[in-house]
There are 2 protein chains.
Amino acid sequence: MPLFVNAVFCQNCSKKQNLFQFLTDEETNYINEHRHEVKFNRGETIFKQGGALTHIACVTTGFAKVYIEGVNKKNLLLKILRPTEMLAGPGMFNDFRHYYSVNAISDVTACFIEVEAIMEVVKQNSVFSIEFIKWVNQRGIRYFEKLINLTQKQMPGRIADVLIYLSKEVYENDKFTVNISRQDIADLAAMSKESAIRVIKEFKVSKVIKCEGNDFEILDFPALQKVSQTG
Amino acid sequence: MPLFVNAVFCQNCSKKQNLFQFLTDEETNYINEHRHEVKFNRGETIFKQGGALTHIACVTTGFAKVYIEGVNKKNLLLKILRPTEMLAGPGMFNDFRHYYSVNAISDVTACFIEVEAIMEVVKQNSVFSIEFIKWVNQRGIRYFEKLINLTQKQMPGRIADVLIYLSKEVYENDKFTVNISRQDIADLAAMSKESAIRVIKEFKVSKVIKCEGNDFEILDFPALQKVSQTG
DNA sequence: AAATAAGATTGATAAATGTCAAGTAAGTTA
DNA sequence: TAACTTACTTGACATTTATCAATCTTATTT
């Protein structure tokens, strides 16, 4: 009996990336033959910056944080990955190394697909290749936003952005319980954890949010948006 | 006689992007039929953020600055474009809008190619599509570097990065004369122009660089690199 | 050449942010 | 339960950075 049992075939996988809907049955089978599923415990490293990029990954269950290991042991947290999101860093088609690290912030199941297989279907299927470029460019747009948010806004604006991001895109609820630390929140907003804590407290006393430990609730969304925009 | 005369055909163009070497003669001809050359005067806008992305552009002569128009009228300068560099922003294959503005900092000649034509060859030519993804990912790696440089380094480190960038990648010389303003340098380093001027002066008095007006010279490159790394 | 305008520089000051140290809370191990 | 570890929080303080105003330089116009 094999150590890893693939629960499903790509063909009828409910956790499939949108991207893969553009493949033919044959291509889907091909991908299926070049993938395997891995389970990670919370805290474990999924990708390590600098390591070889031999596979791309799709998170099927659980959450993970994607971060760049920068200077002076500081991390910049790029995003929180959710189920059905794909990991295919910019090292692809270049030096095939990881330009960020990925760490499970809950137990995680992920499908690993060999990059060679992805390259093969990019070559074969022109619709897929267009959609792949689209996906990469969408990510590029996000980096632009992050660049502006982090370099042109002051701390309250940056924390407002993080709270909006967590509420709207990660936990999809006004009320949410984070599975990331205060340090992670600080790394999302590119500031010290003490500063992050202080700004969060300010939002708390001004009744913009409610926050007890890891439980957050957005009370005044328009106010948050305003802070985000004014910087 | 037409208003714009195409000086050359893509086929034997000496200013051709590396990317286009992967096209067949037929595809090159196809691109040639869907391109036109435009001359810009210094200071003129080549692409405007928010505008429709109908063409990609290749700079054949002159320099241009690429910048995001951010919050509170602040700009973030992404890069200085040189001859033979290509402009194909992340709006491509998405909403087909420009996510940055591009402005000529000298007289500029540029080839404009219809995006539809590019999409067509991406679809037709799998080598080209791989190379195109490679190109987009290279840009992504640059954004990562920029994100780290701008969010995790203090002003001396950021200005050091800018000086290294200008010397090594833009003007390709230890000695160079910039055709950008102090404000532009500040926008490259995400700080106020006064701060940029002060840091440049510090480098000057500590004999790391020589600087008279727009004439720069790197005197102690290792020192610059050290400042860049320590942040 | 004088007048004007735009950009560059400097100094003084205020605001923003990080660091350090101490203390608290909460969870984990013995 | 107690000891211990880890993360979180707070306050005091130092450092970094931006802002504002004045001056200087350089280029452009008249």
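Residue numbers start from 1 in every chain, and the chains themselves are labelled A, B, ... in the order their sequence lines are given, proteins ahead of strands.
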Spacing between [X] atom [atom1] and [N] atom [atom2], to the nearest angstrom:
X	N	atom1	atom2	value
A:R198	D:dG11	CZ	C1'	7 Å
B:K193	C:dA6	NZ	C1'	11 Å
B:K74	D:dT17	NZ	P	14 Å
A:D187	D:dA7	CG	P	13 Å
A:I197	C:dT19	CD1	C1'	14 Å
A:Q152	D:dT19	CD	P	11 Å

Would you say the ring centroid of A:Y143 lies under 6.0 angstrom from that of B:F144?
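Between B:F144 and A:Y143, which both carry aromatic rings, the centre distance is below 6.0 Å.
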Run the ring-centre check on A:F47 versus A:F112 and record whether the distance is less than 6.0 Å.
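Distance test on ring centres: under 6.0 Å, yes.
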Could you check whether any side-chain N or O of B:S206 sits under 3.5 Å from a backbone N or O of B:E202, counting only pairs where one atom can act as donor and the other as acceptor?
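Between the backbone of B:E202 and the side chain of B:S206 there is a qualifying donor-acceptor contact (under 3.5 Å).
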Indicate yes or no for a side-chain donor-acceptor contact from A:S101 to the backbone of A:Q49 under 3.5 Å, with no hydrogens or angles considered.
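Yes: the side chain of A:S101 pairs with the backbone of A:Q49.
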Side chain of [X] only, please: which of [options] is the nearest?
X	options	result
A:K201	D:dT17, C:dT10, D:dT10	D:dT10
A:E194	D:dT16, D:dT10, D:dC20	D:dT10
A:R158	D:dA18, D:dC8, C:dT17	C:dT17

Net bend of the helix from C:dA1-D:dT30 to C:dA30-D:dT1, end axes of five pairs each, nearest 10 degrees:
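One end's axis against the other's: 30°.
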Can you confirm whether A:N18 is buried at CG, in the sense that more than 12 heavy atoms of other residues, nucleotides or ligands lie under 6.0 Å from that atom?
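No, because the 6.0 Å sphere around CG of A:N18 holds 12 heavy atoms or fewer from other groups.
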Within a 6.0 Å radius of atom CD on B:E172, are there more than 12 heavy atoms belonging to other residues, nucleotides or ligands?
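Yes, enclosed.
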It should be established whether A:S195 places a side-chain nitrogen or oxygen under 4.0 Å from OP1 or OP2 of nucleotide C:dT17.
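No.
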Just to confirm, is there a sub-4.0 Å distance from OP1 or OP2 of C:dT19 to any side-chain nitrogen or oxygen of A:S192?
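Checking A:S192 against C:dT19: no side-chain N or O falls below 4.0 Å of OP1 or OP2.
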Find which nucleotide of DNA chain D each of A:Q154 and A:G213 is nearest to by heavy atoms, and output the residue with the more 5' nucleotide.
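In this pair, the answer is A:G213.
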If you draw the axis of the six-membered ring of A:Y165, does the NZ or CZ of A:K79 fall within 45° of it and under 6.0 Å from the ring centre?
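Because its charged atom misses either the 6.0 Å distance or the 45° angle limit, A:K79 does not stack over A:Y165.
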